[in-house]
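Everything below concerns the one structure shown next.
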Amino acid sequence: MKKKILVTGGAGFIGSHLCKRLLDDGNEVICLDNYFTGSKENVVELMKNPYFELIRHDVTMPFFIEVDEIYNLACPASPIHYQYNPIKTIKTSVMGAVNMLGLAKRIRAKILQASTSEVYGDPTVHPQSEDYWGHVNPIGPRACYDEGKRCAEALFVNYHRQNNVRIKIMRIFNTYGPNMHPNDGRVVSNFIVQALRNQDITIYGDGSQTRSFQYVDDLIEGAIRLMATPDEFIGPINIGNPGEFTILELAEKVIKLTGSKSKIVFLPLPSDDPKQRQPDITLARKVLNWEPKVPLEEGLKLTIDYFRKIIK
Ligand code: NAD
Ligand code: UDP
């Protein structure tokens, strides 16, 4: 049955893939975005579909609409962007959650929150499972994002407990793919753009810190399955790829796959940069019967093809 679905942050990297998938599945999609980090370019193809609607709106302000489901993705996700105006980042996570939860409550819609592995901070347990409470510096440079997202999770569970709102909390681990912003400063886009331009590849620190990189299609499949779970299941649930790589390994792979002449340079490590991050996806395997399918090299090739087309 055709559903009416609201996607906040729908013109961003992940949001644009989600809108496309929801339309392909035969739904009507309303994409709401203030274009802070997203762009119409990401969804221009979708605008040909009469069941797609694009609305310029800031989630820190209330919004009224009748829909069946809400995916709440609005929030800058790269450290450069979320630290550009940290107060606004907190407002987007917290006031955005309040506004969208209030809407979900009134219209009895199901609502999914795009949370993040950053709620685990610089983790002291490895890999991270959902019952780990995290190790977050509340006054550090990442706090505007991490604490904003933690507060949003608290709002979600309390709207559920107090008002029976049907919620789902998805903790997304590092995700990459086409439609990433070339200047957003995240490691995959930075390295690919640098490699394609034969510029120095900038590793922060000695490159021994690790991340687990998930291709965007895998994430979208996880999100759709999570939304379809019975109301009793609210999460939080980790959605990520457990394959763990050092940042140095990533740089070497990108150089190999692009055939670049770039050299690796080592720059200072930003403060509070997590040393290790890897999802424990036991819960997602069990509840969603889901696991990532796209290996890093394959996903990197698809992402490199995208950046070749858009950068000069
Ligand atoms: P993105 O920056 O590409 O997308 C965010 C979108 O939200 C953009 O289109 C932006 O314009 C919009 N937005 C920002 N503030 C807004 C506001 N106040 N009102 C309306 N729209 C606003 O980032 P992304 O990687 O696509 O991330 C999407 C979501 O997933 C975010 O909530 C992010 O925290 C979460 N997430 C992403 C990752 C990742 O690795 N990409 C990891 C964990 C969590
Ligand atoms: N990083 C890097 N060079 C870059 C960009 C990022 O070495 O040009 C490092 C960064 O310090 C971090 C890792 O790559 O250790 C992942 O950074 P990103 O900003 O992509 O995501 P997050 O730190 O939020 O996981």
Side-chain angles (χ1 to χ4, degrees), residues 7-19 31-43 55-61 63 71-83 85 88-97 99-100 112-119 122 142 145-146 148-149 152 170-177 179-181 184-194 200-214 216 219 223 238-240 245-248 250-251 254 264-277 279:
V7 179
T8 77
F13 156 51
I14 294 173
S16 57
H17 289 271
L18 179 62
C19 289
C31 167
L32 184 156
D33 209 293
N34 72 347
Y35 308 120
F36 173 48
T37 51
S39 73
K40 286 189 184 167
E41 206 53 52
N42 286 338
V43 289
I55 298 174
R56 182 189 293 263
H57 181 82
D58 193 306
V59 286
T60 59
M61 313 292 273
F63 184 71
Y71 288 85
N72 187 37
L73 271 60
C75 183
S78 90
I80 290 184
H81 286 142
Y82 69 64
Q83 289 171 24
N85 184 345
K88 177 70 193 226
T89 301
I90 298 176
K91 285 185 181 170
T92 295
S93 276
V94 176
M95 293 161 70
N99 288 329
M100 289 306 130
L112 181 150
Q113 166 67 357
S115 190
T116 167
S117 54
E118 286 284 318
V119 299
D122 189 1
R142 288 181 171 245
Y145 184 71
D146 302 5
K149 289 285 187 178
M170 172 169 70
R171 291 187 179 151
I172 304 171
F173 282 67
N174 293 59
T175 303
Y176 69 97
N179 294 2
M180 286 184 95
H181 197 297
D184 82 359
R186 278 182 277 190
V187 69
V188 174
S189 43
N190 263 14
F191 285 3
I192 292 178
V193 171
Q194 290 162 345
D200 289 345
I201 304 265
T202 55
I203 288 188
Y204 304 155
D206 62 6
S208 63
Q209 71 271 37
T210 69
R211 292 293 186 275
S212 306
F213 300 101
Q214 150 172 258
V216 64
L219 167 70
N238 290 339
I239 300 289
F245 296 88
T246 67
I247 295 303
L248 183 59
L250 177 73
V254 170
I264 292 175
V265 296
F266 295 90
L267 300 178
L269 189 68
S271 67
D272 292 355
D273 196 277
K275 282 178 278 303
Q276 269 189 316
R277 210 188 279 132

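All ligand and atom numbering here is 1-based and tracks the order in the structure.
Within ligand 1, counting atoms from 1 as listed, the ones closer than 4.0 Å to a heavy atom of Ala11 are 9 (O). Counting the atoms of ligand 2 from 1 in the order shown, those under 4.0 Å from a heavy atom of Phe191 are 3 (N), 4 (C), 8 (O). Residue Asn190 has at least one heavy-atom neighbour below 4.0 Å for each of these atoms of ligand 2: 4 (C), 5 (C), 8 (O). The Ile203 neighbourhood of ligand 2 comprises atoms 7 (O), with distances under 4.0 Å to a heavy atom of that residue. Taking every non-hydrogen atom of Pro79 and a distance limit under 4.0 Å, the qualifying atoms of ligand 2 come out as 19 (O).
Between Ile264 atom CD1 and Phe191 atom CZ the span is 7.5 Å, to the nearest 0.5 Å. To the nearest 0.5 Å, the span separating CZ on Arg186 from OH on Tyr176 amounts to 13.5 Å.
Asn174 ND2, 3.5 Å is the protein heavy atom nearest to atom 21 (O) of ligand 2.
Contact annotation for Glu118 and ligand 1: no heavy atom of the residue comes within less than 4.0 Å of the ligand. Contacts between Ser115 and ligand 1, counted as non-hydrogen atom pairs separated by less than 4.0 Å, involve the backbone only. If you look at Tyr145 next to ligand 1, the close heavy atoms, those under 4.0 Å, all belong to the side chain. At a heavy-atom cutoff of 4.0 Å, ligand 1 is contacted by both the backbone and the side chain of Asp58.
Note on ligand 2: Gly185 sits in its first shell, one or more heavy atoms being nearer than 4.0 Å.
The shortest N or O to N or O distance between Tyr204 and ligand 2 is under 3.5 Å.
The closest heavy-atom contact to atom 9 (C) of ligand 2, among the options Arg277, Met180, Gln209, comes from Gln209. Remark: among candidates Glu118, Gln194, Arg142, Lys275, the nearest residue to atom 23 (O) of ligand 2 is Arg142, based on non-hydrogen atoms.
Contacts of Asp200 classified as side-chain hydrogen bond (donor to acceptor under 3.5 Å, both in side chains), with partners at least two apart in sequence or in another chain: none.
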